[in-house]
Novice: 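Sharing a structure with you now.
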Amino acid sequence: MFTLSKTEIFRGKNFNAVHNRGRSFANHALVILVVHDERYNGKVGFAAGKKLGGAVIRNRVRRLMREAYRLNKNSLRHDCGIILIGRKSIVTAKFKDVEKAFVDLCKRAKILKP
RNA sequence: GCAGGCAGGAGAGGCAAUCGCGUGGAAUUUUUCUGCGAGGAAAGUCCGGACUCCACAGAGCAGCGUGCCGGGUAACGCCCGGUGAGAGUAAUCUUAAAGACAGUGUCACAGAAAAGAAAACCGCCGAAUUUUUCGGUAAGGAUGAAAAGGCAGGGCAAGAGCCUACCGGUUGUCAAGUAAUUGGCAAGCCUGAUAAACCUCACGCGGAGCAAGACUAAAUAGGAAAGGGUUGAAGUUGCUCGCUGACCUUUCGGGUAAGUCGCUGGACUUGAGCGGCAACGUUCAAGCAAGAUAAAUGAUUGCCACUAACAGAAUCCGGCUUAUUGACUGCCUGUCAAC
RNA sequence: UGGGGUAUAGCCAAGUCGGUUAAGGCACGGGACUUUGACUCCCGCAUCGUUGGUUCGAGUCCAGCUACCCCAG
């Protein structure tokens, strides 16, 4: 139930569509972009920009965001698409901080299951 | 013991449990089991190849690169050994190190003079005349980054390779060495620097790059108009040849921007023997060790270490360069103390 | 991933063959003029991205590094 295969991850055009049209919610560690659309069916995307650092740092940031999404995705609604973007302070953050930040943003975006 | 030099390996997390990712295999039919899963620099893209397409790659000019000698290599701007020069008490280290009598350019300011055997500002010497002039002179001063071999003696009116000894350089010759070069002898006394200025000489280099390239699907759809074209389109590097031999350019109107291969078994890794001073070569045995495509290594808990770096494969190899924590092993040099 | 380019004052920039105070404009700071401000005038403001090398001498030539920008399916 906690799996996250590559069929659930955005590719190409869909990613750009969500990135351009999504509503954004942000705190110190993360930005999330949300689009309410049945077609996306709970798909997700991750982004870590070049400003964060080199390849090692960006890999770590993406993995932390993947883990935060994977462990909490069952409590989210399925009729939307989400993109997570790392911000500067996530570089030094621990996993628990990232998870807390993600859940917090989901509450504000009202995409948690009722 | 202290100080220093060189070489080398290893480079911070490990084990167990639970959840999870990429890929190969097996079972089974959609769930299980299991193998493997980042680096010494994976980096910068600075060189060299392999591979693919353009004539399996051709000729000339232009252009670019390399530059002591010999060897290694698939190849190199890399590596090893040696020579010269420089630094260090030494071990050792550094070195784009061909040619400046083939030619051309540049050498600011200062200085008399900055390049072809030329030059007299002060000084020195001689002469005239009286405070200036003429002649000789590159030893001394002054200028400069650099002043026409250095230094000593003879010589001279004063001086000068004018003459002599030594040193340095050049040329010739003999010897050693595969060679760079080194050593001896002789000669004439000997014409700056810059080639990371143009250049000369020798050697090498065809162009693009896996987003190369090949194939399969899908898409009202192998669309339309104008112009050029077998009297040669287009490509082949910049030009000229040579070669291939039928499409090309612009505008308008539409779509796709999906998948498979290339994609990892190779100048491979490990061990032993042999040849070589070494780089490296060769023989035998064993082994197979990432292959993604919004892009795989993470999270939690426990124990042990530690607060310890730089950092993530994207076609693949050989180098170089740069980033980098705390130590370790071996050899060598100097110095101090003891024997 | 591959290919190509740029860096000179806070900003925009010139500097062709190496040569001795690195042009110029805007901005900024100080001064003069004015009762005050503006305008005008004068003065000031550069480790030439960085580290080495060649040279008597480097913004310029050569090599390494750093940052930024552009192009290719």
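These values consider heavy atoms only, across backbone and side chains, with no hydrogens, waters or symmetry-generated copies. In what follows, every chain begins at residue 1, and chains take the letters A, B, ... in the order their sequences are listed.
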Novice: Just name whichever nucleotide pairs with B/G135, Watson-Crick or G-U, keeping both distances under 3.5 Å, else none.
Specialist: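 B/C125 - that is the nucleotide pairing with B/G135, both distances being under 3.5 Å.
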Novice: Is the glycosidic torsion of B/A290 within 90° of 0, making it syn, or is it anti?
Specialist: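 That one's anti.
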Novice: When the distance from CG of A/N59 to P of B/A42 is rounded to whole Å, what number comes out?
Specialist: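 After rounding, the reported distance stands at 18 Å.
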Novice: Provide, to the nearest angstrom, the distance between the CD atom belonging to A/E67 and the P atom belonging to B/A299.
Specialist: 8 Å
Novice: For B/U94, does the O4'-C1'-N9-C4 or O4'-C1'-N1-C2 angle fall within 90° of 0, making it syn, or is it anti?
Specialist: anti
Novice: Using the P atom in both, what is the distance from C/A9 to C/A23, to the nearest Å?
Specialist: 13 Å
Novice: Nearest whole angstrom, please: distance from the P of B/G298 to the CG of A/L64.
Specialist: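 That distance rounds to 10 Å.
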Novice: Please name the nucleotide paired to B/A102 by Watson-Crick or G-U wobble geometry with both distances under 3.5 Å, or report none.
Specialist: none
Novice: Think A/R66 has a side-chain N or O under 4.0 angstrom from the OP1 or OP2 of B/A299?
Specialist: no
Novice: Please report the distance separating the C1' of B/C167 from the corresponding atom of B/C151, rounded so that it comes out in whole Å.
Specialist: 8 Å
Novice: Rounded to whole angstrom units, what separation is found between the CE atom of A/M65 and the P atom of B/U297?
Specialist: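 It is 13 Å, rounded to the nearest whole Å.
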Novice: Answer whether the closest heavy-atom distance between the side chains of A/L71 and A/F95 falls below 4.5 Å.
Specialist: yes
Novice: Select from A/A47 and A/I57 the residue whose nearest nucleotide in RNA chain B is closer to the 5' end of that strand.
Specialist: A/A47
Novice: Is the base of B/G161 syn or anti, where syn means the angle lies within 90° of 0?
Specialist: syn
Novice: How long is the line joining CD of A/E99 and C1' of B/G20, in whole Å?
Specialist: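 Whole-Å distance recorded here is 14 Å.
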Novice: Taking the P atom in each of B/A217 and C/A67, what is the distance between them to the nearest angstrom?
Specialist: 48 Å
Novice: Taking only the C1' atom of each, what is the distance from B/A147 to B/A110 in whole angstrom?
Specialist: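 Looking at atom C1' only, B/A147 and B/A110 are 14 Å apart.
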Novice: Rounded to the Å, how far apart are A/K96 NZ and B/U300 P?
Specialist: 7 Å
Novice: Less than 4.5 Å apart, side chain to side chain, heavy atoms only: is that true for A/I90 and A/M65?
Specialist: yes
Novice: Please tell me if the side chains of A/R77 and A/H36 come closer than 4.5 Å, counting only heavy atoms from C-beta onward.
Specialist: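 Heavy-atom side-chain distance check passes, below 4.5 Å.
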Novice: Using every non-hydrogen atom in the two residues, find where A/V98 and A/A68 come nearest and quote the distance to one decimal.
Specialist: CG1-CB, 4.2 Å
Novice: For B/U293 versus B/A257, give the span between their C1' atoms, rounded off to a whole number of Å.
Specialist: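 It works out to 15 Å between them.
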Novice: Is A/R58 touching bases, backbone alone, or none of the nucleic acid, heavy atoms closer than 4.0 Å?
Specialist: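 Answer is nothing: A/R58 stays at 4.0 Å or more from every strand.
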Novice: What's the base orientation of B/U132: syn (chi within 90° of 0) or anti?
Specialist: anti
Novice: In Watson-Crick or G-U wobble terms, both distances under 3.5 Å, what is the partner of C/A23?
Specialist: none
Novice: Identify the nucleotide, in any strand shown, that forms a Watson-Crick or G-U wobble pair with B/A120, with both distances under 3.5 Å; if there is none, say none.
Specialist: none
Novice: Can you tell me how far P in B/C76 sits from the matching atom in B/G207, rounded to whole Å?
Specialist: 16 Å
Novice: Tell me every residue that passes salt bridge (charged side-chain N to carboxylate O under 4.0 Å, His left out) with A/E67, counting only those two or more places apart in sequence or in another chain.
Specialist: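 If we apply the salt bridge (charged side-chain N to carboxylate O under 4.0 Å, His left out) test to A/E67, skipping adjacent residues, the hits are A/R70.
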Novice: I need the A/K100 NZ to A/L30 CG distance, nearest 0.5 Å.
Specialist: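 Between A/K100 NZ and A/L30 CG, I get 13.0 Å after rounding to 0.5 Å.
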Novice: Paired with B/C151 by Watson-Crick or G-U wobble geometry, both distances under 3.5 Å: which nucleotide is it?
Specialist: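 When the pairing criteria are applied, nothing turns out to pair with B/C151, so the answer is none.
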Novice: Kindly label the base of C/G37 as syn or anti, based on whether its glycosidic torsion lies within 90° of 0.
Specialist: anti
Novice: In terms of hydrophobic clusters joined by side-chain contacts under 4.5 Å, are A/I57 and A/L64 together?
Specialist: yes
Novice: For A/F46 and B/A296, what is the distance between atoms CZ and C1' respectively, to the nearest whole Å?
Specialist: 14 Å
Novice: What interatomic distance, in whole Å, is found between P of B/U325 and the corresponding atom of B/A16?
Specialist: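 Roughly 32 Å separates the two P atoms.
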Novice: Between A/L71 (CG) and B/U18 (P), how many Å, whole number?
Specialist: 17 Å
Novice: Is the phosphate of B/G298, meaning OP1 or OP2, less than 4.0 Å from a side-chain N or O of A/R70?
Specialist: no
Novice: Could you tell me the Watson-Crick or G-U partner of B/G183, where both distances fall under 3.5 Å? Say none if there is no partner.
Specialist: B/C174
Novice: Please tell me which of A/R62 and A/F95 maps to the more 5' nucleotide of RNA chain B, matching each residue to the nucleotide holding its nearest heavy atom.
Specialist: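 Per heavy-atom nearest nucleotide, the more 5' residue is A/R62.
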Novice: Between A/L76 and A/F102, which heavy-atom pair has the shortest distance, and what is it?
Specialist: CD1-CZ, 4.2 Å
Novice: Applying the Watson-Crick and G-U wobble criteria at under 3.5 Å, what pairs with B/U73? Answer none if nothing qualifies.
Specialist: none
Novice: Given that both distances must come in under 3.5 Å, which nucleotide forms a Watson-Crick or G-U wobble pair with B/U270?
Specialist: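 Partner of B/U270: B/A285.
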Novice: For a quick test of reading the model: is some side-chain N or O of A/R60 closer than 4.0 Å to OP1 or OP2 of B/A299?
Specialist: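 Looking at the OP1 and OP2 atoms of B/A299, one of them is under 4.0 Å from a side-chain N or O of A/R60.
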Novice: With P as the reference atom in both, quote the distance from C/A14 to B/G99 in angstrom, rounded to an integer.
Specialist: 41 Å
